[in-house]
Every structure is written in C-alpha cells, then in structure tokens.
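Quick notes on the structure that follows.
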Amino acid sequence: MKKTLGLAVATTTAALVLTACGGGASGSTSDPSPSASGTAGNAGKTITLWLAGSDTPKELRTYLQDTFKAKTGATLAIEEQTWPDLVTKLTTALPDPKNTPDVTELGNTQSPTFTNVGAFSDVSDLYQELGGSKLLQSFVDVGTVDGKQYALPYYFGSRYLFARKDLWKEAGVAQPKTLDEFDTAVKTITAKNPRGIKNFSGFFLGGQDWRNGISWIFANGGELAKQENGQWVSTLADPNTVKGLTQLQDLYRNASKAPADAKDQTPWLYVNDADEILDANQKVTGKTSLAAATIMAPGWAHWSIGDLKEKDGKKVREWNDATFGAFVLPGNDGKPAPVFAGGSNIAISKASQNQALSRELLKIIFSADYQKKLGGAGLGPANSDYVSSLGDDQFAKALIESASNSKLTPAAPGWATVESKMIMEEFFSKIRDASDLTALAKEYDAKITPLLNLT
C-alpha cells in the first residue's frame, strides 16, 4: 500500500490541490451530458464507483451496471474498498483526476472531513430531483457545507439488539422496557449464566466498541462534542456524558466478558451456537462457540445470525424464532434510546472528468427502483418514501423504530481524523478499569478538541 502523509496533513494538502484544480463548485464538466450525446456517444466511456465493504449485494451492483449501461451507453466499473483503508485511499485519490473515483461511497461520519475541504462536487441543483426533504436529514446535514449539498445519504442501518431468547428465558428475565431495566437484565443473565458457559456475557460489548457504547451517553443527554463560539470542543467530561459512561462501566464490569480489544465488527459470532472467524480473504482464522445472550449491531447483521444450514452448496444462516429475537434498545423514558445511525453517504469527486455521467449514476441510485432494492436487501433506503420496502418483519420494525431516534457523530471537520487515529477506541478501552471517569474524560477531551477543527 502506498505510504501517505498523516491524515490531517494529507487532507490539508488535498484541499490545496483541489483548489488548484479549479473547475468551479461542480468540478469539471468536460463530458457532454448523456442526453445531449446519446448512448452511442458514450459507448467507449467508463466511470468508476467506489463501494465500501460488502454491504451492497452483488445483485444491486449488477443492477447499477446494467441500468447505467442501458441509460447512458457508458460502462460502470465498481471497485470495492475496505472500510479501514477508505479514508486514507480517498485522501490520496480524490485530488488526482487520473486516479480519483468518479463517485464514491463513504461513511456518514467521514463526510464532513471531505466536504469541508472541497473534495466533492456541488449537487445542490439535483437535491430536489434526488429526493429533497424525503432524504434522511441527519445524513444530508453531514454532507452539507454553507447550505450546499455535496454528499447525500446512500443507506442507513441503525443499531438494535439481537438476543438469545432461549437464554433470556432460562435466566428468568423478561424483555426490558427502559434502559435501566436492560442494564439490570443483562447483568442478571451474566450472573446466572444458566448453561455455565466460560467467559459468558449477558451483553457482549467489546472493550473498544464505542459505536454501540455511545448510546448510553446519548440516552443520558450527553454528547461527544459541541460547537462553542464557532469552534468544536470535545464534551466527554460533561456531567451528562459521564453519567452514561458510569452506566457503561457497570456493564463492562458486570455484564460483558468481551475482549478488551474487541470493536464492533462481528459480535454476532458469539450469539450463534458455533461460528467461524474469517479474514479479509474469507479464510477461516478461528472458531467461536455460544458466549453471549445479547449483542447490539446494525440491522443487516440478522443475515449472519441463526442456525447453520446448507443451500445450493453454500453455508447460510437461517433465523430461528424459537432461539433468537430482535428488539430496540429502550431509553430512560421507555422510548427507543438514541443509537448511532450507521450507514453511508455518496458523492461525486470534484476532480472527476465525468461529471455529467456521474450525475446520471446518482439519478439511478436515488430512483424508486434502486431505493426499493436497497430496502429489499435489508439496507435502510435514503428516501423515506421507500422505507416500506424493508418489509414488516421484526427486523424491519426494529430498524425503523431504532432509526426514529438515531444520532450521528459530531459534524466536525476533523471527526474523521479522530476516528482514523482510533482515539475513541483507546478511550473506551480504559473505561472498565478507570478509577475516576471524569478525570479520564478530561484527559481525552484535551486530545480530541484540537483535532475537531482540522480541515
């Protein structure tokens, strides 16, 4: 992998290069519009779409390529990028017209870093046509600068709970209606450990799993950061935030036996009776057995939970209602707790030499057909008109209910820097054993605040 500068320096460099490239707010428009040139005129052209991870299924990728070809005559090349490398690759590629993707998916929390340095094309004139006010507002907000839209929502996947109903029943614990009841329930299940499982968790919460853990901060009125006098400041030491951290510490000590370095990637491995740990090349690197009664994960995790079956020669998971259940994390008031709104945004690179064709691709992505296909794949459609395409099963209901009170990380220009430096993982890994949570929070406020305003 090509060695790059530190993110903050590289991003600033990218901004300088982008400024030097010129081309106006909407970038280069050297390619004629598809409607003007006709499909025949685009026969030799190719644009590139970067997708992050494997969340967009093969069927949807094929649909995009086939529809784009039929509509424009051009070819759509799709390249998959890994989430851990995405920010670094975008930082390097976006300023370079020869190597930039024309259109890219990126995490919603990563959007402010790139929109604030002018890396994406202004698509404000398309905003209403692509969905306007029907688009998920919190995702629109993190892709907006000075009232102009640069990155729009691609899909959402709010987090909710997946439980082993059999273990909850064996421990004599009912489904909770408030956050306090949930905390008590998972601590009780851990203590009872009805099957005598070694290192058993009533609630599997990784020591570095801040994306799930911040729900307890939000539920108590805390925030990760806020704006004061035009500048972003970290607020981990705010009393409301510390209240949530105190509840988390209790869970880490009394409900979770998850590894101290565990993040949020694959908690479902531990609610299945047995599973396999796979590397990036899908090779087996380890095996797991039942070790948790409850996990928290994005809605699409349900495809990885269930009894192991074989279909068409492939191993698949088949959900079993007698064993598993899904429900939202309840808040202090009994309504859904504020959970992290997972998902992605999508944007056109300002350095792309195929602006008009890229805009045609966005029109396909935000079309009714594709939005419904996202829902059919268990991904929350960007446009609220098509949320019904998720269905009406327990997963759809939990996803929609949890999304009703979901929150994003701060829309600070430097938040992606905070994430890339894994400062939140570092902070969360110290919560369990901290003797003074306020002091720990102040220590990390001092680390995070200088990074939040970097552009």
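None of these values were measured; they are calculated from a predicted model. Because only heavy atoms are used, hydrogens play no part in the values below, and waters and symmetry mates are left out as well, while side chains stay in.
Electrostatic pairing of D312 and K314 does not count as a salt bridge here, judged by no charged N lying under 4.0 Å from a carboxylate O. Ion pair K226/D238 not flagged as a salt bridge, since none of the NZ, NE, NH1 or NH2 atoms sits closer than 4.0 Å to an Asp/Glu carboxylate oxygen. Comment: R359 does not engage D102 in a salt bridge, judged by the lack of any side-chain N to carboxylate O separation of less than 4.0 angstrom. A salt bridge does not link D66 to K71: none of the charged side-chain nitrogens sits closer than 4.0 Å to a carboxylate oxygen. Using a cutoff of 4.0 Å between basic side-chain nitrogens and carboxylate oxygens, K134 and D385 are scored as salt-bridged. The pair K421-E419 fails the salt-bridge criterion, with no side-chain N (NZ, NE, NH1 or NH2) lying under 4.0 Å from an Asp/Glu carboxylate O. The residues K187 and D250 are annotated as salt-bridged, a charged nitrogen and a carboxylate oxygen being separated by less than 4.0 angstrom. Using a 4.0 Å cut-off between charged side-chain N and carboxylate O, R61 and E80 make a salt bridge.
Residues W268 and F162 place their aromatic rings such that the two centres sit no closer than 6.0 Å.
The aromatic rings of W168 and F327 sit perpendicular to each other, their planes meeting at more than 60°, with 30° as the lower class boundary. The aromatic rings of W319 and H302 sit perpendicular, their planes meeting at an angle over 60°, well past the 30° parallel limit. Using a 30° and 60° split on the angle between ring planes, W300 and Y155 fall in the perpendicular class, above 60°.
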Inset, instruction - Take K363 and E360 through the salt bridge (Lys or Arg N to Asp or Glu O under 4.0 Å) test and state the conclusion after the steps. - result: CA-CA 5 Å; K363 293 176 184 178; E360 292 301 314; 3.2 Å; yes

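Annotation: cation-pi pair K407/F218 present, NZ/CZ under 6.0 Å from the ring centroid and within 45° of its normal.
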